[in-house]
Number of protein chains: 2
Amino acid sequence: MTERDTIPASGKAAYITEEVRRRIIEKEWRQGDRIPDEAALAAEFGVARATVNKALQLLADEGLLDRRRRAGTRVAVNPVRKATFSIPIVREQIEAAGKSYSHRLISQSRSPLPARRAEQLGLSPGEVLIHLRAVHYGDRQPFQLEDRWINPRAVPGIEEVDFHHLNANEWLVRNAPYLRAELTFSASNAGVRDARLLDTEPEQALLILNRTTWNDIGPITAVRLAFHPGYAMSATT
Amino acid sequence: MTERDTIPASGKAAYITEEVRRRIIEKEWRQGDRIPDEAALAAEFGVARATVNKALQLLADEGLLDRRRRAGTRVAVNPVRKATFSIPIVREQIEAAGKSYSHRLISQSRSPLPARRAEQLGLSPGEVLIHLRAVHYGDRQPFQLEDRWINPRAVPGIEEVDFHHLNANEWLVRNAPYLRAELTFSASNAGVRDARLLDTEPEQALLILNRTTWNDIGPITAVRLAFHPGYAMSATT
DNA sequence: TTTGCGGATATGTCTAGTCTTATTTGAAAA
DNA sequence: TTTTCAAATAAGACTAGACATATCCGCAAA
């Protein structure tokens with residue numbers, strides 16, 4: 001048995017998190033096992049109970065531990081792990097890849113909402129919203145196709161904005177913070193128009209990201225993003 | 001101006017989180033603004049500074065606030081919001097949808113690692129790993145196609161397991177907890193074999209989830225999941 | 001004008017303690 | 001045997017205070 005690493009003066013909670021994670025990975029504590037309670041761990045590590053609490057809460061959020069009052073803390077039997085990905089701003093995503101960003105507005109209009117979108121937004125079909133279609137380019141290569149509906153009632157001031165030279169994503173991010181968002185990934189075959197705009201072949205499989213956001217007034221926007229073939233969206237734990 | 005909601009005795013941190021979120025959404029505090037410091041908010045809400053700290057840290061993790069020592073807390077200018085989705089166990093996912101789960105092992109063998117997978121796992125091409133292919137069904141309809149490589153060196157005991165009647169996903173989840181995972185979403189056109197196994201047409205767009213996991217010994221497994229057409233993976237904020 | 005330094009400041013982190021609350025467990029009552 | 005109830009327990013939440021640390025800002029020296 002090697003000597004225990006010394007506990008740093010600052011970062012004790014992080015140290016405990018890692019140590020507990022290690023004990024689980026190395027099967028010192030097995031799935032379903034009850035682990036020592038907060039008071040016992042606090043004594044073992046020579047820290048306050050609040051510090052242990054912080055460390056264990058983090059692992060519980062991750063899905064590695066199950067914690068219940070009075071019942072204690074157990075190593076999760078079916079660790080339902082969570083993954084997080086950040087929702088990037090297209091421009092930043094493209095520029096982070098070292099490419100030069102540009103975009104082209106295909107259409108901007110006030111149109112009646114089609115049924116599918118109405119359902120997504122929780123509004124009535126036929127209601128008139130702002131409809132935008134745009135393509136985002138990296139080094140002049142099409143990267144992402146955007147099809148967006150915006151609810152002007154949830155976003156005062158949107159009616160006056162001209163998106164020919166302004167990116168809708170960025171404008172909304174800065175001017176219409178949301179309370180809640182829903183997003184889904186799916187795949188679909190490129191239509192003829194999609195293929196032309198993305199400079200690919202019809203029937204090519206495209207990764208689709210649908211996102212709808214709400215604030216306290218109501219739905220803000222529903223957007224369908226189709227990515228250029230080959231693009232992979234990545235997430236980490 | 002309506003009377004401020006009374007602060008609950010328990011859940012003060014949650015109350016403050018929501019109140020700060022509301023002030024941002026309703027533009028009382030605008031993007032880029034410096035907000036009052038922890039001590040001031042603690043005084044305003046009549047709580048300890050640690051409680052305010054907990055509330056603000058949560059919003060900073062969400063990406064709504066930028067916090068820096070000495071510089072204070074600001075409303076994020078480009079709120080890079082994060083979304084989380086849980087990585088489900090196929091069986092639970094199917095049973096949660098009210099369907100009956102079954103699975104079929106197509107092949108289980110020890111095979112040399114192809115180049116693409118070797119790169120994904122960080123191992124040498126040609127190294128011999130366990131290769132599994134299986135289909136997961138909901139109510140006898142194919143739902144997911146699994147193509148998995150497992151590194152036996154990282155998972156002692158795996159060699160003896162027969163996956164004909166046991167789901168590899170579940171066995172690994174319970175017996176090989178991971179430290180780190182990487183996952184990517186992409187789309188690809190169904191090949192002839194994919195199409196047959198998923199009961200669909202060749203060239204149909206499929207949502208692909210690639211996942212690789214590591215523990216302290218090394219890479220555990222790399223898996224490619226192809227979903228039945230029409231399936232959408234959803235996440236929330 | 002620029003650079004370097006020191007003090008001020010806001011967040012980061014921890015402690016030792018209190019009180020709350022969900023849940024379990026065991027004992028008593030039906 | 002089953003139900004009910006009270007005590008015990010472990011996590012959840014908070015407080016008041018302390019110290020650590022990154023970094024901003026102004027002032028002085030180069």
Side-chain angles (χ1 to χ4, degrees), chain A residues 4-21 23-24 29 31-77 79-80, chain B residues 4-21 23-24 29 31-77 79-80:
Chain A
R4 142 119 14 99
D5 294 345
T6 50
I7 302 182
S10 186
K12 295 184 187 180
Y15 174 87
I16 294 167
T17 303
E18 286 319 304
E19 175 62 16
V20 170
R21 203 198 298 280
R23 290 184 189 178
I24 294 169
W29 292 338
Q31 323 279 85
D33 280 5
R34 171 94 182 271
I35 77 170
D37 67 35
E38 295 186 350
L41 290 172
E44 184 197 335
F45 291 108
V47 301
R49 186 168 77 90
T51 306
V52 173
N53 181 274
K54 192 177 170 190
L56 298 187
Q57 289 234 15
L58 204 144
L59 292 169
D61 287 345
E62 258 181 43
L64 213 54
L65 295 176
D66 279 336
R67 318 188 72 214
R68 268 164 50 230
R69 282 188 189 171
R70 158 75 222 217
T73 299
R74 294 174 175 279
V75 180
V77 181
V80 176
Chain B
R4 140 119 16 96
D5 294 346
T6 50
I7 301 182
S10 185
K12 296 184 188 180
Y15 174 86
I16 293 167
T17 302
E18 286 317 304
E19 176 60 16
V20 171
R21 204 198 299 279
R23 290 184 190 178
I24 294 169
W29 292 338
Q31 323 278 82
D33 280 5
R34 172 96 181 269
I35 77 170
D37 67 33
E38 294 186 349
L41 289 172
E44 183 197 334
F45 291 108
V47 301
R49 186 169 75 90
T51 306
V52 173
N53 181 274
K54 192 177 167 188
L56 298 187
Q57 290 233 14
L58 205 143
L59 291 169
D61 288 345
E62 258 180 45
L64 257 187
L65 296 176
D66 280 336
R67 291 163 63 76
R68 267 164 51 231
R69 282 188 189 171
R70 157 76 222 212
T73 299
R74 293 175 177 279
V75 180
V77 182
V80 176

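Hydrogens, waters and symmetry mates play no part in the numbers below; they use all other heavy atoms, side chains included. Chain A is the first sequence line, chain B the second, and so forth, proteins listed ahead of strands; every chain is numbered from 1.
Remark: A:R67, A:R68, A:R69, A:R70, A:G72, A:T73 in residues 64-75 of chain A come within less than 4.0 Å of DNA chain D through at least one heavy atom.
The side-chain heavy atoms of B:L64 and B:R21, taken from C-beta on, include a pair separated by under 4.5 Å.
B:L59 pairs in a side-chain contact (heavy atoms from CB on, under 4.5 Å) with only one of the listed residues (B:I16, B:T73, B:V20), which is B:V20.
Contact check, A:K54 against D:dG12: no side-chain N or O comes under 4.0 Å of OP1 or OP2. For B:Q57 and C:dT11, the shortest distance from a side-chain N or O to OP1 or OP2 is not below 4.0 Å. Proximity of A:T51 to the phosphate of C:dT15: a side-chain N or O atom is located under 4.0 Å from OP1 or OP2.
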Walk me through it: do B:I24 and B:I35 pass the test side-chain contact (heavy atoms from CB on, under 4.5 Å)? CA-CA 10 Å; B:I24 294 169; B:I35 77 170; over 6 Å; no

The test is side-chain contact (heavy atoms from CB on, under 4.5 Å); show your working for B:K54 and B:L58 and say whether it passes. CA-CA 6 Å; B:K54 192 177 167 188; B:L58 205 143; over 6 Å; no

Would A:F45 and A:E19 count as a side-chain contact (heavy atoms from CB on, under 4.5 Å) here? Give the steps. CA-CA 10 Å; A:F45 291 108; A:E19 175 62 16; 3.7 Å; yes

Going through the checks in order, is the side-chain contact (heavy atoms from CB on, under 4.5 Å) test met by B:L56 and B:L41? CA-CA 10 Å; B:L56 298 187; B:L41 289 172; 4.0 Å; yes

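Between A:R23 and A:E44 there is a salt bridge, since a side-chain N of the basic residue sits under 4.0 Å from a carboxylate O of the acidic one. Salt-bridge check for A:R67 with A:E38: passed, with a basic side-chain N closer than 4.0 Å to an acidic carboxylate O.
What separates CD of A:E38 from C1' of C:dA16 is a distance of 14 Å, to the nearest Å. In this entry the distance linking OH of A:Y15 with C1' of C:dC14 reads 17 Å, nearest Å. For the pair B:R34 CZ and D:dT23 P, the computed distance is 15 Å after rounding to whole Å. Between B:L58 atom CG and C:dT11 atom P the separation is 16 Å, expressed in whole Å. Rounded to whole angstrom, the span from the CG atom of A:L41 across to the P atom of D:dA11 amounts to 8 Å. One interatomic measurement links the two molecules: CG of B:N53 to C1' of C:dC14, which rounds to 11 Å at whole-angstrom precision. In this structure, the CG atom of A:L59 is 15 Å from the C1' atom of D:dA11, given to the nearest Å. As rounded to whole Å, 18 Å separates atom P of C:dT23 from atom CG of A:D37.
In this model, a donor atom of one side chain and an acceptor atom of the other lie less than 3.5 Å apart for B:N53 and B:Q57.
Ranked by how close their nearest DNA chain C nucleotide is to the 5' end, A:R49 and A:A13 are led by A:A13.
If one axis is set at each end of the helix from C:dT1-D:dA30 to C:dA30-D:dT1 from five pairs, those axes are 10° apart, to 10°.
If you check C:dA10, C:dC14, D:dC14 against the side chain of B:A50, the one that comes closest is C:dC14.
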